[in-house]
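Working notes, beginning with the structure itself.
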Amino acid sequence: MTDKANNTPVAQDENKLIAERRVKLEKIRSNCSANGFPNDFNREHLAADIQAEHGEKTKEELEELQVTYAIAGRVMAKRGPFLVIQDSSGRIQGYAEKTVQKEIRAKWGSLDIGDIIGIKGILHKSGKGDLYVNMDEYSLLTKSLRPLPEKFHGLSDQETKYRQRYVDLIINEETRNTFKMRSKIVAGIRNFLTQRDFMEVETPMLQIIPGGATAKPFMTHHNTFDLDMYLRIAPELNLKRLVVGGFDRVFEINRSFRNEGISTRHNPEFTMIEFYQAYADFNDMMNLTEEMLRTIAQDVLGTTTIRNTVKNADGEVVEEKFYDLGKPFVRLSMVDAILQYGKEHRAAAHLDEAVLRDPENNFDAIKAMAKAVGVKESSASKVWGPGKYICEIFEEVAEHLLDQPTFITEYPWEVSPLARRNDENSFITDRFEFFVGGRELANGFSELNDAEDQAERFQKQVAEKDAGDDEAMHYDADYITALEYGLPPTAGEGIGIDRLVMLFTDSPTIKDVILFPHMRPEAE
RNA sequence: CGGCCGUUAGCUCAGCUGGUAGAGCAGUUGGCUUUUAACCAAUUUGUCGAAGGUUCAAAUCCUUCACGGCCGACCA
């Protein structure tokens, strides 16, 4: 099948400014080598390195040195004879004396903001104290045909920032920093785990049975097998198959896909790390999480205290929050969280501790309580048991209030189809979720390695699917087979990388930490 | 999927209770030539998101649609 709509070239949004630059490009093509696009300039130095090495020197000291530098980058501003050049490391000025300016005008028409040039010459310091490279040699490397956003206000239109991230990256240093930080965070996680003998693996994203989470999958089709397939919603089951195989400590950092709503916290494809450790339990995972986040914060931010802000429409900071990852994180059971945070809720009077602590024998009461606090029921709620109601009440009255780093434990087995039951209380599992700033960042548990129990849980999920819950899990017979070979006692965890980066970079929406977030196509 | 808000020049934005489109930046031309949002003078730029409607007259009022933002819903 060919999709002509996506392959038809559409008329570019030409305007006068672009036309003027095309005229200049014609001139450059005829006056310069390589038809105007040379690739023989040898860039030898970065702006930031030069600034670091010579920024503190006096004008006179520099004149004595007479050092030559070869820089290249994008022209970001013109100030008389000075050109502000931006490269991947930072900015430094170039200086065009009058004869050079005349020469440029004759050969290139004129230099535009956005053009990419190479400059080689002696480094000086200006009267106002800024370093500049004299344009002893220079070459126009790439003519920019499109005008950049205005130099002072920059690019603030969010739609353009997301649709044309390349423009956002040219213009906004905060955007560049966010994605540099993201790279460092991922590298930090990788280091942390590999130092602890975890092995990085890659498992299929195309799956026949999407498993490992309750979510709606994307569907696709494999032509050769003539087989419907799904994009994975989680790597979980394959990673545990690897633990069965004897890889005791594995992790995978990559995308999962869920065919659900888009919001400030949700993108249809998102990056998770999942890691599994044999002969460990969920308490070990919580300890590991604390240590990992602490280490990464220290390595990436240079501090364990993270500052997040709330801004108003004008971009002014109206609220500041600090999260100290250096302190032990709060650990609270789900029911305790309901009782503690529910005090502020408008329906607080309905939160009866005796009922919450024994929901199985108070099913009607827990249902009434859920209704009182505002839990909305749907057609799928026919199959809800007491555990699901507890979880719904928690989400309604407590979850969004979990600001400081908090582990919530004691998730009911009913909402945890892959987690191990607690030994003392079979109503709950050895599971936790981790929250910061009202956002869920991680989910971990001691793994259910009892094949027969797992088979029963899958059957219950299938019943829920048949009852109309299209997010319920499929029965994965091969996974049961794998468990029958024997999964050692194991604990595992998934951390949402995008949300973690949001926390570390003080980003209010997930689109700010994803280079190319999904948007509806623009109308033609 | 629902509520509210937005969409005007390449960018950032004005444009009032309807009277026929503006500023700064950048662009063009010239000047200046160690500037820092460089400066000085002159000057160009528009399908006012799209389509209907009301009106003598619509960027402005009404309707529908598109896209975006925020908040809900779903979820991670």
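From a predicted model like this one, the values you see are computed outputs, not experimental measurements. Heavy atoms only: backbone and side chains are in, while hydrogens, waters and symmetry mates are out. In what follows, every chain begins at residue 1, and chains take the letters A, B, ... in the order their sequences are listed.
Regarding A/Lys78, its NZ atom lies at a distance of 13 Å from the C1' atom of B/C25, rounded to whole Å. Residue A/His400 contributes atom NE2, which lies 17 Å from atom C1' of B/C74 at whole-angstrom precision. In this structure, A/Asn15 places its CG atom 9 Å from C1' of B/A9, rounding to the nearest Å. Across the protein-nucleic acid pair, A/Ile510 atom CD1 and B/C71 atom P stand 13 Å apart, rounded to whole Å. In this structure, the CG atom of A/Leu148 is 13 Å from the P atom of B/A26, given to the nearest Å. The distance from atom CZ of A/Arg21 to atom P of B/G27 is 7 Å, rounded to the nearest whole Å. When the C1' atom of B/U34 is taken as reference, atom CZ of A/Arg79 falls 12 Å away, rounded to whole Å. The distance between atom NZ of A/Lys311 and atom P of B/G69, rounded to the nearest whole Å, is 17 Å.
Only the P atoms considered, B/U47 is 11 Å distant from B/C11, to the nearest whole Å. Nucleotides B/C25 and B/C65 place their P atoms 41 Å apart, quoted to the nearest Å. When the P atom is compared between B/U63 and B/G6, the two are found 14 Å apart, to the nearest whole Å. Nucleotides B/C74 and B/G68, compared at atom P, are 22 Å apart to the nearest Å. Across the P atoms, B/A59 and B/U17 are found 16 Å apart, a figure rounded to whole Å. Spacing of P atoms, B/U20 relative to B/C13, comes out at 26 Å, to the nearest Å. For B/C62 and B/C16, the P atoms lie 14 Å apart once the distance is rounded to whole Å.
Within the 4.5 Å cutoff, the side chain of A/Leu83 has heavy atoms near those of the A/Met135 side chain. A/Thr409 places none of its side-chain heavy atoms less than 4.5 Å from the side chain of A/Leu332. Looking at heavy atoms from C-beta onward, A/Cys391 lies in side-chain contact with A/Met334 at the 4.5 angstrom threshold.
Distances shorter than 4.0 Å separate none of the side-chain N or O atoms of A/Ser126 from OP1 or OP2 on B/U35. The side chain of A/Arg105 contributes an N or O atom lying less than 4.0 Å from OP1 or OP2 of B/U29. Applying the 4.0 Å criterion to OP1 and OP2 of B/C67, one finds that A/Arg520 has a side-chain N or O inside that range. For A/Ser156 and B/C13, the shortest distance from a side-chain N or O to OP1 or OP2 is below 4.0 Å. Contact annotation: A/Ser263 side-chain N/O to B/C71 OP1/OP2 distance is not under 4.0 Å. Phosphate contact (OP1/OP2 of B/U35, side-chain N/O of A/Lys128, threshold under 4.0 Å): present. An OP1 or OP2 oxygen of B/C70 is reached within less than 4.0 angstrom by no side-chain nitrogen or oxygen of A/Lys511. Taking 4.0 angstrom as the limit, A/Lys376 places none of its side-chain polar atoms (N or O) nearer than this to OP1 or OP2 of B/C74.
Residue contacts shown for A/Asp157 are limited to sugar-phosphate atoms, with no base heavy atom under 4.0 Å away. Residue-level contact check: A/Asn134 touches neither bases nor backbone, having no heavy atom under 4.0 Å from any strand. A/Lys125 comes within 4.0 angstrom of nothing in the nucleic acid, heavy atoms only. Across all strands, A/Ser256 comes closer than 4.0 Å to no nucleic acid atom at all (heavy-atom distances). Note on A/Tyr132: a base of the nucleic acid sits closer than 4.0 angstrom, heavy atoms only.
At a threshold of 4.0 Å, the pair A/Lys376-A/Glu396 does not count as salt-bridged, since none of the basic side-chain nitrogens sits closer than that to a carboxylate oxygen. Under the 4.0 Å criterion applied to side-chain N and carboxylate O atoms, A/Lys120 and A/Asp136 are not assigned as salt-bridge partners. A salt bridge links A/Lys388 with A/Glu392: the closest approach of a Lys/Arg side-chain nitrogen to an acidic carboxylate oxygen falls below 4.0 angstrom. By the 4.0 Å N-to-carboxylate-O rule, A/Arg21 lies close enough to A/Asp112 to be salt-bridged with it. Ion pairing between A/Arg346 and A/Glu344 fails under the 4.0 Å rule for side-chain N and carboxylate O.
Considering every non-hydrogen atom in both A/Glu464 and A/Val383, the closest pair reads CG-CG2, 3.8 Å.
Using a 4.0 Å cutoff on non-hydrogen atoms, no part of residues 47-69 of chain A comes near RNA chain B.
Not a single donor-acceptor pair, N or O on each side, falls under 3.5 Å between the base of B/U33 and the side chain of A/Glu97.
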